[in-house]
A.B. asks: 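Starting off with a structure, shown below.
Source: prediction; values computed, not measured.
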Amino acid sequence: MEENAKYNPNEIEAKWQKFWLEKGISLIDKDDVTKEKFYILDMFPYPSGAGLHMGHTESYTASDAVYRYKKLQGFNVLHPQGFDAFGLPAENYAIKTGISPVETTKINIINYIRQMQSLGFAYDFSEQAVTCDPEYYKWTQWIFGEFFKQGLVYKKTSKTNWCPSCQTVIANEQVVDGKCERCGTEIEQKEVPSWFFKITDFAEELINGLDNVDWPEYTKKNQKNWIGKSEGVTVKFQIMPSPVRSTGHPLPSTGEDECIEVFTTRVDTIFGCTYVVLAPENELVSVLKEQCENKDEIEKYIEQAKNKTELNRMEAKEKTGVELKGVRAINPFNDENVPVYIADYVLASYGTGAVMAVPVHDERDWEFADNHNLPKKGVIIPRPIKSGLLIGDEIDNVDESYEHFDNYANKKKDNIRKGIEIFVEDGTVIDSGEFNKLNSDEAREKMAVWLEEKKLGKKIVNYRLRDWSISRQRYWGCPIPIVYSPDGEAHLVPEEHLPWKLPMDVDFVPTGISPLAKSAELKKRTEEIFGAGWTAEYDTMDTFVDSSWYFLRYPDAHNDQEFCSKERLKKWLPVDVYIGGAEHTYMHLLFARFFVKAMHRIGILDFDEPFLKLRHQGMVLDKEGKKMSKSKGNVINPDDMVAKFGADSVRTYMLFATPLEDAVMWNENNIVGVRRFLEKVWKLQYKITNYKLQITNKIQNPNDQNKKLVSLINKTIKKVGEDIENFRFNTAVSQLMILVNEMEKQTEIVAADYEKLLLLLASFAPHIAEEIFQKVLGHEESIFLQKWPEFEEALTKDETINLVLQVNGKVRDMVSVGADIAEEEAKKIALVSEKIQKHIGGKEVKKIIFVPGKLVNIVI
RNA sequence: GCCCAGAUGGCGGAAUGGUAUACGCGCCAGUCUUAGGAACUGGUGGGAGAAAUCCCGUGGAGGUUCGAGUCCUCUUCUGGGCACCA
């Protein structure tokens, strides 16, 4: 070993990457029963032409660190990677250049794998999941088939979001700000036939399952909000002819069933209802308008509403609407008749497509009432509060109870009652007959019972979640395995014909018709198998379908009999840790959970949550904290960073800069810190007492001089392990820095200690650890086949501590004492301290607090 | 508007209710060097002071506590998400 051999990352990194590959260090025996399994999963990337971005780099570094740590701990760790390879960008590129997506995808995947290996990510690439590979999508189609057989798939024509640029339908969940998530074009409304997955069937399970997984709380909350459960009641408002009806003709007879059924979560406010609103699309409107004197006006409004996209309706500043003049509705609770409106702020798709409007207790109704000069009436008032206690329940007369409170509360109550002030919270019910004095929640319960007894309504649960539309009029996706008989009936493509392959003879240019419709190969194949006149489904699947089950494939990716063997499924699933971006808080995670729950219900899986533990990585921003984007020209390429600083430095900096879930500002000036740290680790090799020293886990004759080091090593082993378990990589790295700084101060270090350092470092900076382990310490085996070092709990504790002496909570002195100092002894020491005495200043000591191992606080 | 997350030195950040600012960057001084850089050593929250030392300090205002960056209430600002869901 030359004394002045420099740390040259580019040289050693390439060398060890080759070594690991050749020795198959990252390959695992998936049927090994001798070790406990651990499945750590990354969100697989879309293989774009731009290559891996820094966001991937961060989360894959984190998962790679966990992988290496778990492996050293003796687990059999599955750490797979694949590619979400279907999708629009490849198709758009094909439209532009004429190069087939098959080709570009292949090239991009090779590039991605090269980049991942250059960063030292230890993926087992022998079993990948590549969604555009027929070997993979055969099983996407098979699962679709199972869902189909179980009635979890259906086809319907509906008003859907149409992207004029992509020439395709997209799901509600994929509309961002009313624009296409992928291309940014404004979405239009269009009637398109589409296949749906019945995800709404699983709404309740999708909410409940969240209780059993270790996910960030905000992710769970977001999933729940997305599903949007709301409990309420339906109420039937009987329709009656308007007393102001001017045509003179009698109304067509309205049977008892001729009702407007509204949905509300706030039935406690129903005595304040001053009008009823129907969505323009509500079926009743077409009947009711016939009896209205302003039929033309109504029809015009319906027409307008139809042409508006959902976005326009939502964005409209003013709440528009038209009264159905000639119709009134009777509030079953107080027999009042109120006017009926149609307005597009009411959505046909939610609830019953009709609402009762209570302006004083709902902001939207308030606004609409203002615009149309409708009356307002308040029936819920804030609960009287006295001395912090709710006393509303104890009071017989609500008015009287207010006399005890200040004018503000009194005035507020009056304003609400008169309809001058809005109040949307729960409170106490007034002016509501037999329901007076109840709290909102009690009133809701009693009113629901009242409705159900009289058969005027019932409790129902509503979800915001809608079924998942999966049809796409695109080429580069998984073909939907459906064929149509000449009479137009849909049939599942039988399993023996799977994979139902994507034809190759296709013109990509979008015309609004699915590209597959133009394939002669597909037509020929369909007719040969099924008979003349049969046609194939021309739509392909949403790529979110492909990514909803890929984690089930990894353990057995080459299996052509099953999507995964029963044994491997049982051994490996569910995923222990899943790391990926917070942008998938809604869609991908919800869809993947739906798939697993549906497969569980069918009996294909014996677990019903895919990801036991989930962690998100933050965004990688430029050094000014701005998002990286092509247009800003601030995109950083991982290749350049690896070339400049070395993979180990890039990896370690990624983890050190900030907690995993926080945004990292990529500042090249700061990487020098971890680079210096690695240089220090490198130079420590020249302090080893004897390169050939036998390695043992025992401490070599600890003497007073290295006691501190021994303790520090034990502490570091403990902390780095705990930090990795808890995804606190930043503090793990800083602890290693502290250890290295201490080792540097030693005139010599023993090889055993150095080796421990390397093992702790290996998860973050694998190349330098392997280099020193083999080349300096002379091992002939990879460091990743070793064991995580052990520590002794007793040695992690300091023998002496700095006992903090406080007066009234302020630090006044500090003395070095034994860590196990007793209370009496500590108090005695505190009281004899000159500084403490000075601050006591002869005053009476009221109390002395002692915190073992920490401090004494004297209270005067 | 609603929901979620956050606010700590010049900067990234650390801190089971118990020494606020670990670790790193930057900066200052020194050693070395023809010089620059690199490397190494020491210093580095603000204020007063020759010093000992004292006072103030975790967005703001209150509160709980012997003791609050940490817990509670209100508030301001920033970031992210959702958007008429009755």
A.B. asks: Could you check how far NZ of A:Lys224 sits from C1' of B:C3, rounded to whole Å?
C.D. replies: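 Result: 14 Å.
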
A.B. asks: Quick check: on RNA chain B, is the nucleotide nearest A:Asn670 upstream (toward 5') of the one nearest A:Val811, or the reverse? Name the residue that is more 5'.
C.D. replies: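 Looking at RNA chain B, the more 5' nearest nucleotide goes with A:Val811.
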
A.B. asks: So what does A:Gln735 hit on the nucleic acid, given a heavy-atom distance under 4.0 Å: a base, only sugar-phosphate, or nothing?
C.D. replies: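 No contact at all - A:Gln735 keeps every heavy atom at 4.0 Å or more from the nucleic acid.
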
A.B. asks: Just checking A:Lys810: base, sugar-phosphate only, or nothing, at a heavy-atom cut-off of under 4.0 Å?
C.D. replies: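 Sugar-phosphate, no base atom in range.
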
A.B. asks: Which part of the nucleic acid, if any, lies within contact of A:Glu744, taking any heavy atom under 4.0 Å across all strands shown: a base, the sugar-phosphate backbone alone, or nothing?
C.D. replies: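 Sugar-phosphate contact only - A:Glu744 comes under 4.0 Å of backbone atoms but never of a base.
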
A.B. asks: Out of B:C82, B:A22, B:G18, which nucleotide sits closest to the side chain of A:Trp226?
C.D. replies: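 Closest nucleotide to the A:Trp226 side chain: B:C82.
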
A.B. asks: Can you tell me how far P of B:G1 sits from CG of A:Asp365, to the nearest Å?
C.D. replies: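 So the CG-P distance, A:Asp365 to B:G1, works out to 19 Å.
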
A.B. asks: When you measure only distances, ignoring hydrogens and angles, does the side chain of A:Asn857 come within 3.5 Å of the base of B:C66 through a donor and an acceptor?
C.D. replies: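 Per atom types, the contact qualifies.
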
A.B. asks: Please report the interatomic distance CG(A:Asn730) to CZ(A:Arg728), rounded to the nearest 0.5 Å.
C.D. replies: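 Separation between the atoms: 8.5 Å.
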
A.B. asks: Can you tell me how far C1' in B:A68 sits from the matching atom in B:U8, rounded to whole Å?
C.D. replies: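 Looking at atom C1' only, B:A68 and B:U8 are 14 Å apart.
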
A.B. asks: For a quick test of reading the model: is some side-chain N or O of A:Asn667 closer than 4.0 Å to OP1 or OP2 of B:C11?
C.D. replies: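 Indeed not, no polar side-chain atom of A:Asn667 lies that close.
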
A.B. asks: Taking it one step at a time, do A:Tyr341 and A:Val322 satisfy side chain to side chain contact (heavy atoms under 4.5 Å, CB included)?
C.D. replies: CA-CA 5 Å; A:Tyr341 281 75; A:Val322 172; 5.8 Å; no

A.B. asks: Measure the distance from CG on A:Leu855 to C1' on B:A68 and round it to the nearest whole Å.
C.D. replies: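 It works out to 14 Å between those atoms.
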
A.B. asks: On the nucleotide B:C54, are OP1 or OP2 found under 4.0 Å from the side-chain N or O atoms that A:His839 carries?
C.D. replies: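 Yes.
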
A.B. asks: Using ring centroids (six-membered ring only for Trp), state whether A:Phe656 and A:Phe764 fall under 6.0 Å.
C.D. replies: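 Ring centres of A:Phe656 and A:Phe764 not closer than 6.0 Å.
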
A.B. asks: Can you check the distance between B:A15 and B:G81, where both ends of the measurement are the C1' atom (answer in whole Å)?
C.D. replies: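 Straight-line distance between the two C1' atoms is 30 Å.
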
A.B. asks: From the options B:C54, B:G18, B:C25, select the nucleotide whose nearest atom is closest to the side chain of A:Arg812.
C.D. replies: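 Among B:C54, B:G18, B:C25, the one nearest the side chain of A:Arg812 is B:C54.
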
A.B. asks: For a quick test of reading the model: is some side-chain N or O of A:Ser230 closer than 4.0 Å to OP1 or OP2 of B:A86?
C.D. replies: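 It does, given that an N or O in the side chain of A:Ser230 lies less than 4.0 Å from OP1 or OP2 of B:A86.
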
A.B. asks: Do any side-chain nitrogens or oxygens of A:Arg464 fall under 4.0 Å of OP1 or OP2 in B:C3?
C.D. replies: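 Checking B:C3 against A:Arg464, no side-chain N or O comes under 4.0 Å of OP1 or OP2.
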
A.B. asks: Looking at the rings of A:Phe645 and A:Tyr653, which for Trp means the six-membered one, are their centres under 6.0 Å apart?
C.D. replies: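 No, the ring centres sit 6.0 Å or more apart.
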
A.B. asks: Measure CG/A:Asn669 against P/B:G10 and give the value in whole Å, please.
C.D. replies: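 Rounded to the whole Å, the gap is 19 Å.
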
A.B. asks: B:G42 pairs with which nucleotide, Watson-Crick or G-U wobble, both distances below 3.5 Å?
C.D. replies: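 Pairing partner, where one exists within any strand: B:C28.
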
A.B. asks: Is the number of heavy atoms from other residues, nucleotides or ligands under 6.0 Å of A:Glu834 CD greater than 12?
C.D. replies: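 Count not over threshold, so no.
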
A.B. asks: A:Ile738 near the nucleic acid: base, sugar-phosphate alone, or nothing, with a heavy-atom cut-off under 4.0 Å?
C.D. replies: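 The residue A:Ile738 makes sugar-phosphate contact but no base contact.
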
A.B. asks: Please give the nucleotide sitting opposite B:A48 as a Watson-Crick or G-U wobble pair, both distances under 3.5 Å, or none.
C.D. replies: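 Pairing partner: B:U53.
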
A.B. asks: Does A:Pro659 or A:Val674 map to a spot on RNA chain B nearer the 5' end, using the closest nucleotide for each?
C.D. replies: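 Counting from the 5' end, the first nearest nucleotide belongs to A:Pro659.
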
A.B. asks: Taking the same atom, P, in B:G9 and in B:A61, what whole-Å distance lies between them?
C.D. replies: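 The same atom, P, in both gives a distance of 15 Å.
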
A.B. asks: Taking any strand in view, what nucleotide pairs with B:G17 in a Watson-Crick or G-U wobble way, both distances under 3.5 Å?
C.D. replies: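 Answer to the pairing question: none, since B:G17 forms no Watson-Crick or G-U pair.
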
A.B. asks: Which of these, A:Asp362, A:Val338, A:Thr269, A:Asp365, sits in a side-chain contact (heavy atoms from CB on, under 4.5 Å) with A:Met356?
C.D. replies: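 Among A:Asp362, A:Val338, A:Thr269, A:Asp365, the one that satisfies the side-chain contact (heavy atoms from CB on, under 4.5 Å) with A:Met356 is A:Thr269.
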
A.B. asks: Over all strands shown, is A:Lys835 touching base, sugar-phosphate only, or nothing at heavy-atom distances under 4.0 angstrom?
C.D. replies: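 Sugar-phosphate: the residue A:Lys835, judged by heavy atoms under 4.0 Å, touches backbone atoms but no base.
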
A.B. asks: For B:G63 versus B:C82, give the span between their C1' atoms, rounded off to a whole number of Å.
C.D. replies: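 Each nucleotide's C1' atom is 34 Å from the other's.
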
A.B. asks: Looking only at heavy atoms, which two atoms of A:Gln617 and A:Gly581 are closest? And how far apart?
C.D. replies: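 So the two residues come closest at OE1-N, 3.1 Å.
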
A.B. asks: Rounded to whole angstrom, note down the P distance from B:A20 over to B:G67.
C.D. replies: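 Those two atoms are separated by 15 Å.
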
A.B. asks: Quote, to the nearest angstrom, the P distance that separates B:U73 from B:C84.
C.D. replies: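 So the two P atoms sit 30 Å from each other.
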
A.B. asks: Under a 3.5 Å threshold, yes or no: a donor from one side chain and an acceptor from the other, between A:Asn741 and A:Lys680?
C.D. replies: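 Result is yes, a qualifying pair exists.
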
A.B. asks: Just how far, in rounded Å, is P of B:U16 from NZ of A:Lys718?
C.D. replies: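 A:Lys718 atom NZ is separated from B:U16 atom P by 13 Å.
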
A.B. asks: When all nucleic acid strands are considered with a 4.0 Å heavy-atom cut-off, which category describes A:Val859: base, sugar-phosphate, or nothing?
C.D. replies: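 Contact class for A:Val859: sugar-phosphate only.
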
A.B. asks: Check every atom of B:G18, B:G26, B:G24 against the side chain of A:Val672 and return the nucleotide holding the closest atom.
C.D. replies: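 Ranking B:G18, B:G26, B:G24 by closest atom to the A:Val672 side chain puts B:G26 first.
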
A.B. asks: Would you indicate which nucleotide in B:A86, B:A14, B:C23 comes nearest to any side-chain atom of A:Thr731?
C.D. replies: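 That would be B:A14.
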
A.B. asks: A:Met814 has an atom CE; how far is it from atom P of B:G18, in whole Å?
C.D. replies: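 Result: 16 Å.
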
A.B. asks: Using whole Å, what does the distance between atom C1' of nucleotide B:A22 and atom CG of A:Asp723 come to?
C.D. replies: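 Spelled out: CG on A:Asp723 to C1' on B:A22 is 13 Å.
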
A.B. asks: Does the side chain of A:Arg676 get closer than 4.0 angstrom to OP1 or OP2 of B:C40 through an N or O atom?
C.D. replies: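 No, outside the criterion.
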
A.B. asks: Using both distances under 3.5 Å as the test, list the Watson-Crick or G-U wobble partner of B:C71, or none.
C.D. replies: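 Pair assignment: B:C71 / B:G63.
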
A.B. asks: Counting heavy atoms from C-beta on, name the nucleotide in B:G13, B:G24, B:A86 closest to the side chain of A:Lys680.
C.D. replies: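 From the listed options, B:G24 comes nearest.
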
A.B. asks: Under 4.0 Å: is that the gap between some side-chain N or O of A:Asn741 and OP1 or OP2 of B:G24?
C.D. replies: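 The answer is yes; a side-chain N or O of A:Asn741 sits under 4.0 Å from OP1 or OP2.
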
A.B. asks: Heavy atoms only, 4.0 Å cut-off, all strands: where does A:Asn730 land among base, sugar-phosphate and nothing?
C.D. replies: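 Since only primed, P, OP1 and OP2 atoms lie under 4.0 Å of A:Asn730, the category is sugar-phosphate.
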
A.B. asks: What's the closest nucleotide to the side chain of A:Thr265 if the choices are B:U19, B:C3, B:A86?
C.D. replies: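 That would be B:A86.
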
A.B. asks: Distance criterion of 3.5 Å, no angle test: do you see the side chain of A:Lys854 paired donor-to-acceptor with the base of B:U16?
C.D. replies: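 Side chain to base: pair found, below 3.5 Å.
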
A.B. asks: Over all strands shown, is A:Met665 touching base, sugar-phosphate only, or nothing at heavy-atom distances under 4.0 angstrom?
C.D. replies: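 Touches nothing.
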
A.B. asks: Checking understanding here: a glycosidic angle within 90° of 0 is syn, the rest anti, so what is B:G9?
C.D. replies: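 Here the answer is syn: the torsion falls within 90° of 0.
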
A.B. asks: For B:C66, does either OP1 or OP2 sit under 4.0 Å from a side-chain N or O belonging to A:Lys847?
C.D. replies: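 For A:Lys847, the contact criterion (side-chain N or O under 4.0 Å from OP1 or OP2 of B:C66) is met.
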
A.B. asks: Using a heavy-atom cut-off of 4.0 Å across all strands, would you classify A:Tyr218 as base, sugar-phosphate, or nothing?
C.D. replies: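 Contact class for A:Tyr218: sugar-phosphate only.
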
A.B. asks: Could you check how far CD1 of A:Ile849 sits from P of B:U65, rounded to whole Å?
C.D. replies: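 Taking CD1 of A:Ile849 and P of B:U65, I get 13 Å after rounding.
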
A.B. asks: With a 3.5 angstrom cut-off on both distances, give the Watson-Crick or G-U wobble partner of B:G1, or none if there isn't one.
C.D. replies: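 Its partner is B:C82 (Watson-Crick or G-U wobble, both distances under 3.5 Å).
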
A.B. asks: Considering only the C1' atoms, how many Å lie between B:U58 and B:A22, rounded to the nearest integer?
C.D. replies: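 Result for the C1' pair: 15 Å, nearest Å.
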
A.B. asks: Would A:Ser833 and A:Asp813 count as having a side-chain donor-acceptor pair, cut-off 3.5 Å?
C.D. replies: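 Distance-only check passes for A:Ser833 and A:Asp813.
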
A.B. asks: B:U19 and B:G26: how far apart are their P atoms, nearest whole angstrom?
C.D. replies: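 Result for the P pair: 29 Å, nearest Å.
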
A.B. asks: For B:G12, which nucleotide in any strand shown is its Watson-Crick or wobble partner with both distances under 3.5 Å?
C.D. replies: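 B:G12 is paired, partner B:C23.
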
A.B. asks: Would you say the side-chain atoms of A:Glu204 and A:Tyr463 include a donor-acceptor pair closer than 3.5 Å?
C.D. replies: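 Side-chain D/A pair, A:Glu204 to A:Tyr463: present.
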
